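Here's the structure, in structure tokens; my notes come after.
Numbering of residues begins at 1 and proceeds along the displayed sequence. All values derive from a computational prediction rather than experimental measurement.
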Amino acid sequence: MPTYRDEVVVLRTHKLGEADRIVTMLSRRHGKVRAVAKGVRRTSSRFGARLEPFMVADVQLYQGRTLDIVQQAESLGAYGAQIATHYDRYTAAHAMVETADRLNEAEATPQQYLLLVGGLRTLSQGGHAPRSVLDSYLLRAMALSGWAPALDECARCGTMGPHDWFVAQLGGVVCGDCAPAGSARIRPETGALLRALIAGEWDQVDAAAEAATAAASGLVAAYTQWHLERGIRSLSLVDHRAEPAR
């Protein structure tokens with residue numbers, strides 16, 4: 001059976017037997033991959049620490065009938081340690097990899113891989129509030145999957161804004177004529193922050209008021225979970241408080 005190499009981000013792991021693990025990875029060229037890492041739970045394992053969640057690695061895999069087998073793993077980005085020692089980074093990272101794991105095979109593109117690697121690297125460096133890094137990642141991941149939210153024009157009729165209502169089910173902001181009863185009304189600074197998050201304008205994101213940040217986070221979570229058609233369990237654990245920039 002053939003072997004192949006690829007760059008991967010480890011999304012999650014499951015125990016298998018006494019010493020093995022099943023590793024779910026988002027790869028750069030092969031989409032999502034599930035593979036058996038044999039013996040990685042033994043203390044003598046050569047590459048067990050390289051196959052933990054949030055780690056980026058260059059792996060060689062043996063193509064099996066149902067699950068592939070990890071033959072080699074070399075670290076490309078050891079982000080796990082800097083993420084795991086901070087609760088807010090850790091929970092944000094879990095929400096990011098859970099979202100990546102929910103992508104179907106058609107959406108697991110090289111762009112999604114690079115987006116996730118960049119998000120985890122940014123989290124590990126601690127230069128921005130983890131919740132803002134997560135929100136930016138979620139908006140961009142949705143956009144890459146074809147679900148970019150409307151943030152300037154009305155999602156229903158196309159009228160240019162700015163608009164004061166946001167409806168996840170309709171695809172983003174809507175005008176007053178299209179907003180259903182009970183729609184969430186957003187303040188101008190919240191709309192501006194959403195646009196900054198998806199564009200990666202970090203000066204504006206970092207300077208945003210706490211109220212706008214909290215409001216934007218709620219809208220991003222609602223929008224993402226609506227389009228994924230199920231909840232992201234890790235989002236309930238994310239700390240909404242901002243970690244000070246270093």
Side-chain angles (χ1 to χ4, degrees), residues 1-81 83-84 90-121 123 134 137-138 140-142 144-147 224-237:
M1 298 294 289
T3 62
Y4 63 97
R5 297 189 72 91
D6 207 343
E7 299 173 16
V8 302
V9 180
V10 179
L11 304 179
R12 57 189 171 93
T13 65
H14 294 290
K15 293 180 181 179
L16 179 66
E18 295 184 357
D20 304 340
R21 278 199 180 103
I22 296 175
V23 185
T24 302
M25 301 166 280
L26 179 63
S27 73
R28 184 167 190 159
R29 295 183 296 275
H30 294 84
K32 283 193 295 184
V33 176
R34 296 180 74 239
V36 176
K38 295 189 174 182
V40 295
R41 290 161 55 201
R42 298 193 182 103
T43 56
S44 59
S45 172
R46 294 174 298 165
F47 52 79
R50 303 167 194 167
L51 295 174
E52 294 291 337
F54 319 139
M55 303 296 282
V56 181
D58 182 334
V59 297
Q60 179 172 302
L61 299 117
Y62 176 93
Q63 188 174 352
R65 291 184 178 180
T66 55
L67 293 173
D68 296 347
I69 297 174
V70 179
Q71 295 181 314
Q72 296 178 7
E74 299 294 334
S75 178
L76 295 177
Y79 305 130
I83 289 173
Y90 181 75
T91 53
H94 259 292
M96 290 165 63
V97 297
E98 184 180 349
T99 300
D101 195 19
R102 295 285 175 85
L103 301 174
N104 62 45
E105 288 302 329
E107 296 163 352
T109 61
Q111 291 78 14
Q112 291 283 7
Y113 165 82
L114 292 171
L115 178 66
L116 182 58
V117 170
L120 293 174
R121 182 189 302 117
L123 274 180
L134 169 61
Y137 168 79
L138 293 176
R140 294 183 185 191
M142 291 298 100
L144 287 174
S145 296
W147 298 322
T224 302
Q225 293 180 107
W226 171 264
H227 287 284
L228 289 177
E229 299 182 348
R230 50 180 168 170
I232 301 172
R233 291 178 295 177
S234 303
L235 279 178
S236 64
L237 303 175

Determine, step by step, whether Tyr113 and Val56 satisfy the side chain to side chain contact (heavy atoms under 4.5 Å, CB included) criterion, reporting the C-alpha distance in whole Å, the side-chain angles of both residues, the deciding distance to 0.1 Å, and the verdict. CA-CA 10 Å; Tyr113 165 82; Val56 181; 3.6 Å; yes
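Using a 4.0 Å cut-off between a side-chain N of Lys or Arg and a carboxylate O of Asp or Glu, Glu107 and Lys32 do not qualify as a salt bridge.
Using a 4.5 Å heavy-atom threshold, the side chains of Arg5 and Gln71 count as separate. No side-chain heavy atom of Leu123 sits under 4.5 Å from any side-chain heavy atom of Tyr79. With a 4.5 Å cut-off on side-chain heavy atoms, Arg21 and Leu51 do not count as touching. Leu114 has its side chain within reach of Arg28: a pair of non-hydrogen atoms, C-beta onward, lies under 4.5 Å apart.
The structure places CG of Asp101 at 11.0 Å from CD1 of Ile232, a figure rounded to the nearest 0.5 Å. Ile69 CD1 to Gln63 CD: the interatomic distance, rounded to the nearest 0.5 Å, is 11.0 Å. For the atom pair CE of Met25 and OG1 of Thr13, the computed distance is 11.0 Å after rounding to the nearest 0.5 Å. The distance from the OG1 atom of Thr24 to the CZ atom of Arg12 is 4.0 Å, given to the nearest 0.5 Å. Between Leu120 atom CG and Met55 atom CE the span is 11.0 Å, to the nearest 0.5 Å. Distance check, rounded to the nearest 0.5 Å: CG of Asp58 to CD of Gln72 gives 9.0 Å.
With Phe54 as the fixed residue, the side-chain contact (heavy atoms from CB on, under 4.5 Å) test singles out one of Val97, Val9, Leu11: Val97. Results of the side-chain contact (heavy atoms from CB on, under 4.5 Å) test with Leu26 over Thr109, Leu116, Val33 single out Leu116 as the only residue that passes.
Taking every heavy atom of both residues into account, Ser234 and Glu98 meet most closely at OG-OE1, 2.6 Å. Nearest approach of Arg29 to Asp6, heavy atoms of both residues: N-OD2, 3.0 Å. Contact between Lys38 and Asp20 at its shortest, heavy atoms only, is CA-OD1, 3.3 Å. The two atoms that bring Leu134 and Ala92 nearest to each other are CD1-O, 3.8 Å, heavy atoms only. Of all the heavy atoms in Ala141 and Gln112, the pair that sits closest is O-NE2, 3.1 Å.
Applying the salt bridge (charged side-chain N to carboxylate O under 4.0 Å, His left out) test to pairs two or more places apart or on separate chains, those with a residue in residues 66-76 are Arg50-Glu74.
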